[in-house]
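The chain is numbered in sequence order, starting from 1. The figures here come from the full heavy-atom set of this structure, side chains too, leaving out hydrogens, waters and symmetry mates.
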Amino acid sequence: MRSPHVASASIVLAFVLLASGSTETQEAIEEDISDSAPTVTVTASTLFSDYDSNEVAADDKYKGKILNVSGTIDDIGKDITDTMYVTLKTANPILNVQCFFADDHKSQVANASKGQQVTIKGKCDGKFGNVLIRGCSFE
């Protein structure tokens, strides 16, 4: 029988892997998409609404694609893996569009502010509570 500490550590590790959503780094994703034009331009509100209405259809439309997402910054922070993110407001008071940035964007993220209108380029990773956009850069 496993000790409670091993079980707890396993749960925490699983949560970290799920929270990060991908083993591919933000730098690798950004490098992969840097020379590609966005295939979809959408507002954060529309993107979230599409996922909220029908996640399967939204995945077909957005997941794995390069997006230009425009909206208003709601929050700026770091997740449990210390990855920087910016969230964009949606009609949902709790969930939103979460855009993850590589460390080389630290000065841009640090100079961003809540309430600022932005357009962010990144690769849609589907919905895990929030709609996740990875490998992001400000346009």
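- Listed by chain and number, the hydrophobic cluster partners of V56 come to none, as no ILVMFWY side chain reaches under 4.5 Å of it.
- T43 and S45 share no donor-acceptor pair across their side chains, judged by distance under 3.5 Å alone.
- Within the 3.5 Å criterion, the main-chain N or O of S49 finds a donor-acceptor partner in the side chain of S53.
- For K78, the side-chain contact (heavy atoms from CB on, under 4.5 Å) partners are D82, M84, not counting sequence neighbours.
- Here D59 pairs with Y51 under the side chain to side chain donor-acceptor pair (under 3.5 Å) rule; sequence neighbours left out.
- Residues Y62 and V131 have side chains not in contact (no heavy-atom distance under 4.5 Å, counting atoms from C-beta outward).
- In terms of the side-chain contact (heavy atoms from CB on, under 4.5 Å) criterion, residue partners of E139 (sequence neighbours excluded) are, by chain and number, N68, T119, K121, S137.
- Taking each heavy atom of C124 and I133 in turn, the nearest pair found is CA-CD1, 3.9 Å.
- Side-chain contact between P38 and L67 is absent, with no heavy-atom pair separated by less than 4.5 Å.
- Between K61 and D50, some side-chain heavy-atom pair lies under the 4.5 Å cut-off.
- In this structure K106 satisfies the salt bridge (charged side-chain N to carboxylate O under 4.0 Å, His left out) test with no other residue, sequence neighbours excluded.
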Show me the donor-acceptor pairs, under 3.5 Å and distance only, between side chains in residues 85-101 and residues at least two apart or in other chains.
| unit_1 | atom_1 | unit_2 | atom_2 | d |
| --- | --- | --- | --- | --- |
| T87 | OG1 | D75 | N | 3.0 |
| T90 | OG1 | N92 | N | 3.2 |
| T90 | OG1 | N92 | O | 3.4 |
| T90 | OG1 | L95 | O | 2.9 |
| N92 | OD1 | I94 | N | 2.7 |
| N92 | OD1 | L95 | N | 2.8 |
| N96 | OD1 | N130 | ND2 | 3.4 |
| Q98 | OE1 | N130 | ND2 | 3.0 |

